[in-house]
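These notes are about the structure you will find just below.
Everything quoted here is computed from the prediction, not taken from an experiment. Hydrogens, waters and symmetry mates play no part in the numbers below; they use all other heavy atoms, side chains included. Just follow the structure's listing: the first ligand is 1, and inside any ligand the first atom is 1.
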Amino acid sequence: MRVIVTGGAGFIGSAVCRNFVLRQGWTVLNIDKLTYAASLGSLDALKTDSRYSFLRVDICDRAALEKALAGFAPEAVLHLAAETHVDRSIDGSAPFIQTNVVGTHTLLEACRAHWARLPNDRRSGFRFLHVSTDEVFGSLGPTGQFCETSPYDPRSPYAASKAASDHLARAWHETYGLPVILSNCSNNYGPFQFPEKLIPLTILNALEGKPLPVYGDGQNIRDWLYVDDHVQALALVLANGRPGQKYNVGGRNEHSNLQVVEAICDILDELVPSAQKRRRLITFVPDRPGHDRRYAIDPDKVERELGWSAAESFHSGLEKTVRWYMANRAWWEPLRTGVYAGHRLGLIEAGRQGQSA
Ligand SMILES: NC(=O)c1ccc[n+]([C@@H]2O[C@H](COP(=O)([O-])OP(=O)(O)OC[C@H]3O[C@@H](n4cnc5c(N)ncnc54)[C@H](O)[C@@H]3O)[C@@H](O)[C@H]2O)c1
């Protein structure tokens with residue numbers, strides 16, 4: 001299969017590129033703007049592989065997208081490119097609207113024009129897989145799970161921009177017949193995740209003996225999925241998913257943020273014992289504005305229809321991840337010293353209300 005992956009220099013995108021080329025044997029063109037969240041170092045394993053190529057392109061650039069589509073002639077487009085950090089979306093929503101909404105619209109239109117020109121046999125096989133998040137469904141109470149028909153109720157600028165992009169993708173299927181499939185996945189973790197997100201930030205701060213910030217009371221619950229399990233689901237959805245359908249992907253691994261941080265402390269205490277237990281570094285900090293309380297995904301449809309299941313348990317995946325960050329300082333140290341040092345993002349200060357960066 002020939003696949004264009006957007007956002008392939010990010011966390012999930014780079015795992016997708018590595019898996020599609022090295023495991024599935026597919027040919028991949030990675031289209032990425034290379035924002036602060038991108039790292040071409042995550043793709044070193046593909047540097048010399050003739051089945052992989054890269055183009056620095058903004059998904060808001062219609063002409064560049066059309067050129068890439070015509071030149072590469074993909075059988076599928078896997079759309080991951082996005083602004084993704086909730087805290088950054090609180091500090092400044094404009095890039096989220098631009099990339100997640102305008103960019104997705106531009107990509108859908110470029111793909112529609114490309115698809116319309118394909119000969120009949122290639123038109124019917126073409127796929128556009130739009131990758132989204134469980135955050136579009138809002139916040140759950142203590143019970144229940146999100147399924148494919150759950151109503152949308154986004155509550156952060158990030159979630160709202162992703163919800164908008166989901167609606168666009170869905171509409172391009174209903175209105176124009178573009179063979180779109182949607183997937184909504186729970187929180188991912190694993191190697192090569194930018195160290196602003198909870199799990200890598202906690203691992204790196206704990207390794208460096210720094211405070212481990214936990215928002216609010218630490219009882220916000222997320223459904224964690226090891227990134228390679230998500231990638232395996234995306235490969236199955238691309239190959240066998242039905243156009244016009246949605247698939248929810250999740251690991252049946254609900255843990256509170258405090259439990260996640262404590263588990264990382266305990267794994268590190270075992271792997272690299274220190275004089276004092278690392279749990280002493282846990283520091284409760286002011287909560288994120290509008291912090292959703294609980295997410296949980298019902299992955300029954302993707303399990304039943306496509307035979308997918310998560311291979312990693314939370315503990316095995318977390319230990320792999322901790323070991324990976326310990327062994328790959330060369331990947332993350334330049335990010336910690338150059339791009340993001342671990343400072344707090346996403347707090348609304350009184351004087352800054354109403355500003356939009
Ligand atoms: N990380 C998660 O837990 C999670 C869970 C479910 C769904 N998702 C979705 O998966 C996708 C990837 O998430 P991630 O965590 O890998 O994100 P990430 O922030 O690590 O990577 C995003 C990538 O998109 C690129 N990008 C941003 N704006 C672009 C633009 N205008 N044009 C081209 N490229 C651009 C960035 O350079 C970066 O390489 C997103 O759509 C996200 O909403 C993520």
Side-chain angles (χ1 to χ4, degrees), residues 4-18 29-43 54-62 64-65 68 77-89 94-107 110 129-137 146 154 156-166 169 182-200 222-231 233-234 237 247-251 253 260 295 297 299 317 321 335 339-340:
I4 285 184
V5 175
T6 71
F11 165 49
I12 300 173
S14 63
V16 163
C17 292
R18 293 189 303 271
L29 170 62
N30 171 12
I31 285 183
D32 197 299
K33 177 185 174 182
L34 300 184
T35 68
Y36 80 93
S39 169
L40 288 176
S42 309
L43 296 154
F54 170 71
L55 269 183
R56 186 171 192 175
V57 163
D58 184 333
I59 57 163
C60 299
D61 182 344
R62 170 89 187 247
L65 289 176
V77 172
L78 178 57
H79 177 35
L80 291 139
E83 290 291 338
T84 63
H85 191 34
V86 175
D87 288 343
R88 287 184 193 265
S89 80
F96 288 74
I97 304 305
Q98 183 64 17
T99 285
N100 301 0
V101 185
V102 177
T104 298
H105 173 252
T106 309
L107 182 66
L129 173 48
H130 175 73
V131 181
S132 192
T133 160
D134 56 1
E135 306 197 23
V136 298
F137 301 123
F146 299 127
S156 72
Y158 164 64
S161 67
K162 287 297 291 186
S165 69
D166 289 16
L182 269 83
S183 67
N184 292 82
C185 187
S186 59
N187 275 42
N188 283 217
Y189 68 99
F192 297 106
Q193 186 167 29
F194 189 83
E196 65 188 354
K197 304 276 169 77
L198 176 68
I199 288 183
R222 300 293 180 261
D223 185 353
W224 292 94
L225 184 67
Y226 191 67
V227 64
D228 290 349
D229 282 326
H230 185 193
V231 173
L234 294 174
V237 172
Y247 296 90
N248 277 7
V249 183
N253 264 317
V260 170
Y295 304 141
I297 281 273
T321 305
L335 301 177
V339 188
Y340 175 67

Heteroatom proximity flag, Thr35 to ligand 1, N/O under 3.5 Å: yes

Protein heavy-atom partner closest to atom 3 (O) of ligand 1 - residue, atom, separation in Å: Asn188 N, 2.8 Å

Ser132 and ligand 1 - part of the residue with a heavy-atom distance under 4.0 Å: backbone

For atom 11 (C) of ligand 1, closest protein heavy-atom neighbour: Leu80 O, 3.2 Å

Protein heavy atom at shortest distance from atom 6 (C) of ligand 1: Cys185 O, 3.3 Å

Minimum-distance pair of heavy atoms, taken over all atoms of Phe96 and Thr84: CE2-N, 3.8 Å

Plane angle bin for His130 and His79 - parallel if under 30°, tilted between 30 and 60°, otherwise perpendicular: tilted

Atom of Ala82, atom of Thr99 and distance for their closest heavy-atom approach: CA-CG2, 3.7 Å

Subset of ligand 1 atoms that lie under 4.0 Å from at least one heavy atom of Asn187: 3 (O)

Distance filter under 4.0 Å to Ala38 heavy atoms, resulting ligand 1 atoms: 37 (O), 39 (O)

Protein residue, atom and distance nearest to atom 18 (P) of ligand 1, heavy-atom basis: Thr84 OG1, 3.7 Å

Heavy-atom check, side chain of Leu107 versus side chain of Thr6, under 4.5 Å: yes

Gln193 N/O under 3.5 Å from ligand 1 N/O: no

Side-chain heavy-atom pair Tyr158, His85 within 4.5 angstrom cut-off: no

Residue Asp58 vicinity, atoms of ligand 1 by number, heavy atom under 4.0 Å: 30 (C), 31 (N), 32 (N)

Atoms in ligand 1 with a heavy atom of Ala82 nearer than 4.0 Å: 22 (C), 24 (O), 27 (C), 40 (C), 41 (O)

For Val57, atoms of ligand 1 separated by under 4.0 Å from a heavy atom: 32 (N), 33 (C)

Flag side-chain contact, heavy atom, 4.5 Å: Thr133 against Asn184: no

Mode of Leu34 contact toward ligand 1 - side chain, backbone, both, neither (heavy atoms, under 4.0 Å): backbone

Cation over ring face, Arg88 and Tyr340, 6.0 Å, 45°: yes

Top protein contact for atom 16 (O) of ligand 1, by heavy-atom distance: Ile12 N, 2.7 Å

Closest protein heavy atom (residue, atom, distance) for atom 5 (C) of ligand 1: Ser186 O, 3.3 Å

Ligand-side contact atoms (ligand 1) for residue partner Ala37, heavy atom cut-off under 4.0 Å: 19 (O)

Contact (N/O only, under 3.5 Å) between Glu83 and ligand 1: no

Lys162 N/O under 3.5 Å from ligand 1 N/O: yes

Val339 vs Glu196 side-chain heavy atoms within contact, under 4.5 Å: no

Whether Asn100 side chain and Ser161 backbone form a donor-acceptor pair below 3.5 Å: no

Within reach of ligand 1, part of Tyr158 (heavy-atom separation under 4.0 Å): side chain

Gap separating the OG atom of Ser183 from the NE2 atom of His230, nearest 0.5 angstrom: 4.5 Å

Steps toward side chain to side chain contact (heavy atoms under 4.5 Å, CB included) verdict (Tyr226, Asn188): CA-CA 6 Å; Tyr226 191 67; Asn188 283 217; over 6 Å; no

Contact check: Ile31 vs ligand 1, nitrogen or oxygen atoms, below 3.5 angstrom: no

Lys33 and Val57, any side-chain heavy atoms less than 4.5 Å apart: no

Protein heavy-atom partner closest to atom 20 (O) of ligand 1 - residue, atom, separation in Å: Phe11 N, 3.0 Å

Spacing of CG belonging to Asp134 relative to CD1 belonging to Ile297, to within rounding of 0.5 Å: 4.5 Å

Minimum-distance protein heavy atom relative to atom 34 (N) of ligand 1: Lys33 N, 3.0 Å

Ligand 1 atoms in contact with Val131 (distance to a heavy atom under 4.0 Å): 10 (O), 41 (O)

Parallel, tilted or perpendicular: rings of Phe146 and Tyr295 (30°, 60°): tilted

